[in-house]
Structure formats: C-alpha cells, structure tokens
Amino acid sequence: MSRTFGPQFQDDGSVRFLVHAPACDRLTLQIEGEHAQEIPMNQEEPGVFTTMLAVPAGTRYWFRVPDGNPRPDPASRYQPEGVHRPSELVDERRYAWGDSQWKGISKQSMIVYELHIGTFTKEGTYISAIDRLDELVELGVTAIELMPLAQSAGRWNWGYDGTQFFAPRHSFGTPDELRKLIDVAHQKGFAVILDVVYNHFGAEGNYLHPFGGYVSPVHQTVWGDAPNLDGEGSEMAREYIVDNARYWIESFHFDGLRLDATHCIIDDSPQHVVYEIGQAFAEMQEKLGRELHLIAESNVYDQQLLAPLGPEGYGFDSLWCDDFLHAVGAELRPEHHMSDRRYQAGEDLDVTLRRGYVYRGTMGLKRRRIPLAEDSTPADWSSLIFSIQNHDFVGNHPEGLRLHQVTSHEAQRAAAALMLMLPAIPMLFMGEEFATDKPFYFFTDFGDDHLRKAVEQGRRREHPQHDWSQVVSCLSPAAFRGSRIGPRDAGNIETWNWYHDLIQLRKEWQEAGLLDGANVTAGWNTLLRTAKVEYRHGSQAGFAVARLHPANEDLDSYEVTCEGNVRMAQGCEAKGAGRYVLGNYAVLIGEGTVRFDSP
C-alpha cells in the first residue's frame, strides 16, 4: 500500500498523526483532556497532513477543518462516545495474542453461525459473547460471522449504517475486548468472519465531506453517501477501502470478510475495487500463512466473483447465494415474497438442488433467471453459502418472526435437514438452533428527526406485502432489547438436538469423503413435495429425503424403501424391512439408498 490511514504509534512512544484531506488547505490537531492542545499540522504533500506528538493511548482528539469545526478522524480506531464525538488513540501493539498456533479452517469445513453482538447475549458485549462460545462448540459450528461492527450512530444498530470504518462499535466494548473475543474463539477452534459494508456510508455521523475525496460527488445510494471509487481523486478513497479490509485481518486477526451487497458497490472504473480487495487478500494469505476467506453477498450466482484473481475474476472464495433460502420459502410460504426476484414453488427448488442456483449475473451484467435448458452445469457447491434464515429474512418481517414461528418447528427442522445435508456451506442465524421465540427486529437509533421518519416510511415502502399497522417501532428501545435471543434452555431442546445431530452427521460424511459436490445428485419431486439428495463415493452411498409444504396443507402419505442404515428421521412411520411411510415434513437420512415406492 502506498498510503497509510490513521494514527500510528512509534517505537519511541510518540504518535504519528496522519490524515488524508484533499479538500483542506490547512488542518489542526485538537487534543482533548489532560494533554489538551491545538497543533497546526504539516502538509507533507498535497492533501496529506501529518504531525508527531508524544501522547498516551486513551488520548482523545479531533481534527479541526478549515470551516472551524472539529471532526473525528476519518480512520479513527475508536469512538468511545459515538460518531459525533472525538476519536481515541488505541495502541494496537499492546494486546498480547494467544493464537500463534492458529492456522484457520478450510472453506469445506465451514459451518457458519451468524450473530449480532448486541443481541447475542443479555449484556450485548464482546466479552459476554465469549461466555456463549462453549455452546457453539457443543453445537458443532466451526465459524462465527459477526454482523457489521464499524461505528454507527445511536445506541443500537444492525451495523449497516457505519460511518467510521476502522472503529469497532463502542457500545459493544473496546477494540482490545474485540481482540480478546477473536483470540478466545481461535483457541476454541472457530474461524471468525466480519461483515463489512463498502457500498455506502451511514446517513448519520458521516463527517468525511469536509476532508474531501472520500464521498462520491456523483453517486448516491438509498442508504447514504456512496464512496468515491471512480471520480476525481478516487485513488485515495479506493486505498482507504482496501486498507480497511487489510486492517480487520491484520490488526484484529479476523479470518475473513463478508462484503455486504457487492452488487451495490458503485464503481465505474476500468478495474473494480473488489478486484483490489481480492488482490489484497491473496497477498495477506501468502504473508500470514493462515486460511483466509473472502465472501461476497451477491444474492445470486456470480461466476466472476468466484473466478481466480485475474482479468476475468475477482478471487473471492464463496458467495452468500439466496436462491436456496427463497426457493425453500416458495415451498413453505408460497404466498409471501421476501425478494424483488420472484421464486416459483416446485421449479426453483428443483433447479437449485440440481445446479446450486436459479439466478445468475455479475456486477456488470444484469441478473436474470437461467433455465436448466440453457445451462445445466453445476456450480461449485463448496463456494455457495446456503441458509434457511438470516438477519434479513427474520428482521424484514414487521414482527421479526423466525422460520418456526411463521411455519412450524417440524417445517424448520425439515428445511434445516435439507440445508445441512447439501454440500454447500451451511449458515445458521443465532438462536435458530434452539428455535428461540425471541424475535429479531430491524432496529436503529438515528437522532435526526428527518432520518427517523424516513427509515420507518422506507420499511413500509420496501416490504409492502406485510401489515405494518401495529408493529414495534424499529427506533424504539423495545425493538433492540426484544431481539436478544435469550438462553438456550428457554428454547426448543428437540430442535437443538436435531441441529446438533445433523451437524455431527454432516461432519462424519465429510470426513469419509462422501459429502462433496462431486458426489451429489439432487432434485425436487413436485408431486410428492419432497427433496431427494443422494451421494455416491466408491462403495459408499448416502441419502437425505426432506418434505416441504405450506402449513395449511395436509399431504397424503407415501412409502419409501431404504437399503442401508437410517440415521435420522422425522414424520416417518417404520413398517419393517426398510419400508417407511412419510407424512408431513418428513425427513429420512441414512447410509445406503432410498427408493420411492409410491408414484
């Protein structure tokens, strides 16, 4: 990297303050507290201001811009009083890491658990999250994905309104407490992924404008200002984004990043900024000698993102691909549409099971439905991340209802069985594994009255299929506090045991070389409303059958014959001699083969 962002502690204990401010002809460093002083900064080169000062970690400071206002550091490492107050110096060298033996986990071994730090525990802190890690060890997941942490406005937020990209959210704890969470997670065998948002800056607390160069003068998003990735002087803003990606990996030891809405990162440059992020990851992978994961939220299958780094590829190793979630939803709740893309019951789940996706596109090419007749080539299953619910699926319901609440426990368990017995990377959303009855609302806490009104109106406009007449306001304390998942023993123990056993069986089949995309044949029987997944590897064979349908439909039973060893079952009646009658939300998983005896 040719540029450095943010304050740097020197070996002699002094601090080199550096800020990129191409719109400024002068800049003053304003120190608060015990060491209060104001120091005019030197313009090292056009738009780059520096000064050296001997002040300790914990010192709070601003930069006074030419209009006379003090502003937080564009690359602040910590905002202890939130987005509108001064930045605080953090000496990143002080934390004593205990994960020197950690080499990460392979992509194929990932079973992801998505969580929001503020609602994962009652306390909602990095430190309290450590206390729940043993639950996840017992469950069997192998990777934790944290919803965005970049400092955003207010007392609570999902995290997608970040304005200070280098500062972990203050209400969850200090930067070193975040390091401790990651350190302990590594020692317990978890990879830790961070969700980052590079498609926009949050609508409140964005003080980058007077510095110049960070915000696009042309592009705008519905969520806030777009980064300046292709305008005049965009080289600095592009490096700001790429340096931020490096920062989370190198300074906090994260094992990977999940880029939010990559298709919404507006960059008309000849070389897209996500390519440069892919390049940075390739360099870090070689430098650090541990497994790193670069994940894109693409919503649809994007071959260009997954292609090897080069003229035609961006070097990502996996995608959040929502086709599976929505195709399952079309079977369980065909009257509800959770996406601007329409999914059809029967057909789309069949296509997803056979090929891995329904819709395809790139950041430069329009996304469209690809019929099997046009292209039946299977996707790389190990590069697809499937879920049956996530923060959007739950939080975009007005009442924050989870899958078992809008269907049933049996329906959720059947969908989970299908997800976990496919060769794609499975992802659980916190509390799913014990079917918590706690909702997960959308919540935010803007102070600006105009924004407060706009966000509530926007929710109704974006999701008109729901009744919004009597809901908890997303701006209220109740929305945030009510979203805490609660203890495991307050949930459904049958569901927890089901998830635990599915995960253990998945790992068994993986270790045996059976559960692999090269070995799978899958499809959907529309007449029987049943997914059938079959594996063959040498002399080994395995199967998973899962029945999905709307709650108001009581299906006719039908009979199957298994040759082998049935390991897990739900909604099945054993008839002897390997014969089973399958009823509503039936699941049958085992080694060997299964034959449908009924038409």
Side-chain angles (χ1 to χ4, degrees), residues 79 81-85 114-125 128 146-164 169-172 195 197 199-206 221-225 260-261 333 336-340 389-406 429-432 435-486 490:
Q79 294 293 126
E81 299 175 80
V83 294
H84 304 297
R85 300 293 297 154
E114 186 193 17
L115 66 90
H116 179 272
I117 287 289
T119 55
F120 182 52
T121 63
K122 181 180 178 181
E123 298 80 7
T125 64
S128 64
L146 305 182
M147 288 175 65
L149 300 179
Q151 184 67 53
S152 53
R155 294 162 290 176
W156 45 77
N157 196 285
W158 265 18
Y160 297 92
D161 297 307
T163 55
Q164 286 139 344
R169 184 170 179 83
H170 75 291
S171 59
F172 299 157
D195 197 343
V197 183
N199 51 67
H200 73 283
F201 297 106
E204 181 177 325
N206 179 7
T221 79
V222 296
W223 309 293
D225 293 317
D260 178 67
R333 306 175 71 213
H336 292 270
H337 298 282
M338 301 295 291
S339 170
D340 55 2
Q389 50 192 321
N390 55 37
H391 67 272
D392 278 330
F393 174 90
V394 181
N396 286 338
H397 189 286
E399 298 174 71
L401 296 182
R402 292 168 177 269
L403 183 58
H404 73 279
Q405 294 171 315
V406 296
F429 182 59
M430 62 174 191
E432 171 184 335
T436 178
D437 281 330
K438 298 291 185 180
F440 186 74
Y441 296 109
F442 175 76
F443 47 79
T444 189
D445 184 37
F446 292 127
D448 181 275
D449 285 340
H450 173 74
L451 281 176
R452 292 175 69 87
K453 292 176 183 175
V455 72
E456 290 205 316
Q457 291 169 358
R459 295 279 294 161
R460 290 165 167 77
R461 186 171 57 251
E462 287 181 25
H463 305 285
Q465 71 272 35
H466 294 306
D467 178 7
W468 293 89
S469 59
Q470 293 185 341
V471 298
V472 174
S473 169
C474 60
L475 298 161
S476 69
F480 170 62
R481 294 169 185 160
S483 297
R484 293 168 179 154
I485 64 172

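Only a predicted model underlies this, so the values are computations on that prediction, with no experimental measurement involved.
- The two residues Leu401 and Val394 have their closest heavy-atom pair at O-CG1, 3.5 Å.
- Aromatic ring centroids of Phe172 and His116 lie under 6.0 Å apart.
- Between Phe480 and Phe443, the two ring planes are perpendicular [angle over 60°; tilted spans 30° to 60°].
- Partners of Glu81 by salt bridge (Lys or Arg N to Asp or Glu O under 4.0 Å), not counting sequence neighbours, listed by chain and number: Arg60, Arg85.
- Closest approach of Thr125 and Ile117 over heavy atoms only: C-CG2, 3.8 Å.
- The side-chain heavy atoms of Leu403 and Glu432, taken from C-beta on, include no pair separated by under 4.5 Å.
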Output, in order, the C-alpha distance, side-chain angles, deciding distance and verdict of side chain to side chain contact (heavy atoms under 4.5 Å, CB included) for Thr221 and Asn199. CA-CA 8 Å; Thr221 79; Asn199 51 67; 5.7 Å; no

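- A 4.5 Å side-chain heavy-atom check between His200 and Val222 finds every atom pair outside the cut-off.
- Gln405 CD to Gln389 CD: the interatomic distance, rounded to the nearest 0.5 Å, is 9.0 Å.
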Side chain to side chain contact (heavy atoms under 4.5 Å, CB included), that's the test. Do Ile485 and Arg402 meet it? Break it down for me. CA-CA 11 Å; Ile485 64 172; Arg402 292 168 177 269; 3.6 Å; yes

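- When the shell of 6.0 Å around CZ of Arg452 is examined, it contains more than 12 heavy atoms from other residues, nucleotides or ligands.
- Of all heavy-atom pairs between Pro439 and Glu399, the closest is CB-O, 3.4 Å.
- With values rounded to the nearest 0.5 angstrom, Arg169 atom CZ is found 10.5 Å from Gln164 atom CD.
- In this structure, the side chains of Pro148 and Asp260 stay at 4.5 Å or more apart for every pair of heavy atoms.
- At a threshold of 4.5 Å between non-hydrogen side-chain atoms, the residues His170 and Gln151 count as touching.
- With rounding to the nearest 0.5 Å, the separation of CZ in Arg484 from OG1 in Thr436 is 13.0 Å.
- Shortest non-hydrogen contact noted between Ser473 and Ala479 is O-CB, 3.3 Å.
- For Ser483 and Thr119, the side-chain atoms include no donor-acceptor pair closer than 3.5 Å.
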Would Met147 and Glu114 count as a side chain to side chain contact (heavy atoms under 4.5 Å, CB included) here? Give the steps. CA-CA 7 Å; Met147 288 175 65; Glu114 186 193 17; 3.6 Å; yes

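- Legend: residues meeting salt bridge (Lys or Arg N to Asp or Glu O under 4.0 Å) with Arg155, ordered by chain and number and at least two apart, are Asp445.
- Once rounded to the nearest 0.5 Å, the distance linking CG of Leu146 with CG of Asp195 reads 9.0 Å.
- Listed here is the closest heavy atom pair of Gly205 and Thr163: O-OG1, 3.2 Å.
- Taking the side chain as every heavy atom from C-beta outward, Phe393 and Phe440 never approach each other to under 4.5 Å.
- For the pair Val471 and Tyr441, the minimum side-chain heavy-atom distance is 4.5 Å or more.
- Rounded to the nearest 0.5 Å, atoms CD (Glu456) and CZ (Phe442) are 10.0 Å apart.
- How far CZ of Phe429 is from CG of Leu115: 8.5 Å, rounded to the nearest 0.5 Å.
- Between Trp156 and Pro477, some side-chain heavy-atom pair lies under the 4.5 Å cut-off.
- The shortest distance between side-chain heavy atoms of Glu204 and Asp161 does not fall below 4.5 Å.
- Here the closest non-hydrogen pair linking Trp158 and Asp392 is CZ3-OD1, 3.6 Å.
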